[in-house]
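To keep things clear, I will list the structure first and then write my remarks on it.
Not measured: the values here are computed from a predicted model. Order of the sequence lines fixes the chain letters, A, B, ..., with proteins taken first and strands second; residue numbering starts at 1 for each chain.
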Number of protein chains: 2
Amino acid sequence: IKDLPLLQMTAESLMVSSEKVAHVQLNNPLEHALLILVTSGYSAIPVLDTRYKFKGIIGKNAILNEILGLERFEMERLSEVTVEDVLMRDIPSVNKSDHFLTCLKNVLDHPFLCVVDQEGNFDGIVTRREILKQLNKYIHV
Amino acid sequence: IKDLPLLQMTAESLMVSSEKVAHVQLNNPLEHALLILVTSGYSAIPVLDTRYKFKGIIGKNAILNEILGLERFEMERLSEVTVEDVLMRDIPSVNKSDHFLTCLKNVLDHPFLCVVDQEGNFDGIVTRREILKQLNKYIHV
Ligand SMILES: Nc1ncnc2c1ncn2[C@@H]1O[C@@H]2COP(=O)(O)O[C@H]3[C@@H](O)[C@H](n4cnc5c(N)ncnc54)O[C@@H]3COP(=O)(O)O[C@H]2[C@H]1O
Ligand SMILES: Nc1ncnc2c1ncn2[C@@H]1O[C@@H]2COP(=O)(O)O[C@H]3[C@@H](O)[C@H](n4cnc5c(N)ncnc54)O[C@@H]3COP(=O)(O)O[C@H]2[C@H]1O
């Protein structure tokens with residue numbers, strides 16, 4: 001592996017910090033989550049609990065799949081089902097101190113990674129865009 | 001700019017070929033487009049006309065934004081509005097013969113690029129995932 005300053009970058013220096021990350025809570029109805037997703041424009045965002053611990057992610061696809069009935073999208077179910085029922089839990093997360101290659105490896109299959117500490121506190125997200133920007137910079141040096 | 005074999009790769013060698021790309025037609029109702037998007041799992045896909053010429057892209061966000069009324073998502077409008085009414089036309093596209101750096105530059109702000117020829121024929125798409133895979137390979141050599 002090449003010895004590059006790029007590779008020394010940590011998830012902390014790459015991430016969008018938690019206060020800038022749109023998110024929803026476990027107990028929100030899907031209606032609220034879908035509204036946040038549509039107005040923010042994001043396809044998927046992190047889910048936190050009432051103590052701001054990271055729990056997983058939720059996306060438009062999971063919500064729309066949930067309400068897709070045999071004949072139509074059953075919009076009334078949006079107020080009956082909560083984020084917790086549709087939550088995607090098994091998604092990769094990294095630590096603030098993890099390095100660039102760990103982040104790169106994980107965004108190969110995921111548009112973004114969550115940065116979480118040992119206690120489960122949510123620190124931020126590392127996006128494919130940030131990884132690509134850094135690689136683009138490096139390739140032009 | 002570094003002199004690398006990676007940089008000689010063309011959009012053609014990077015792309016998912018058109019026959020493997022989910023797409024919809026200009027005249028489809030939004031209901032059909034949303035169903036294709038939800039069942040395929042993709043957030044946005046290309047739009048072609050009846051002669052398979054590339055016209056733009058359509059995504060879940062554009063569709064959901066279109067039917068979001070003051071009080072609720074107005075699902076009945078899905079059968080009244082067509083893809084053409086909600087089409088995103090101003091998206092970057094590249095040629096089969098364009099090189100890696102052109103593709104990289106364009107995926108900095110877009111999850112995928114459309115590969116289109118001079119006559120407007122749709123050849124395929126270049127995804128961020130493919131660009132990241134190639135960069136990951138190169139960085140580990
Ligand atoms: N409001 C906006 N302004 C400018 N560009 C926008 C944008 N919304 C989306 N994009 C562009 O579209 C890409 C895909 O967004 P998506 O929402 O599917 O996928 C996003 C979304 O699921 C999540 N994400 C990014 N920023 C977020 C934030 N501030 N809060 C919550 N989730 C975020 O990370 C994924 C990858 O983001 P990434 O930046 O690599 O890639 C983004 C970015 O290049
Ligand atoms: N069925 C599936 N199997 C495995 N992984 C999946 C998947 N669906 C989504 N993903 C993963 O999620 C990423 C974002 O998908 P999204 O649908 O938002 O965004 C996608 C979608 O809008 C479009 N796309 C990719 N492949 C497509 C295809 N065969 N037909 C139409 N559109 C496609 O290009 C965007 C970027 O794709 P990319 O591969 O970089 O990134 C994909 C991929 O890493």
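When every heavy atom of B/V94 is checked against every heavy atom of B/A11, the shortest pair comes out as CG2-CB, 3.9 Å. In this structure, B/V107 and B/V126 approach most closely via the heavy-atom pair CG1-O, 4.3 Å.
The candidate from A/K133, A/M75, A/E31 with the greatest count of non-hydrogen atom pairs under 4.5 Å with chain B is A/M75. Per-residue counts of heavy-atom pairs under 4.5 Å with chain B were compared for A/D109, A/T39, A/L68; the largest is that of A/D109. Interface summary for chain B: among A/L78, A/N61, A/L64, A/L108, the most heavy-atom pairs under 4.5 angstrom belong to A/N61.
A/N65 is listed as a side-chain neighbour of B/V38, based on a closest heavy-atom distance under 4.5 Å.
Both the backbone and the side chain of B/L132 come within contact range of chain A, judged by heavy atoms closer than 4.5 Å. When heavy atoms are compared at a cutoff of 4.5 Å, A/L104 approaches chain B solely by way of its side chain, counted from C-beta outward. Interface residue A/L37: only backbone heavy atoms are found under 4.5 Å from chain B.
Residues that satisfy the salt bridge (charged side-chain N to carboxylate O under 4.0 Å, His left out) test with B/E71, not counting sequence neighbours, are absent from this structure.
A donor-acceptor pair shorter than 3.5 Å can be found between the side chains of A/E19 and A/S17.
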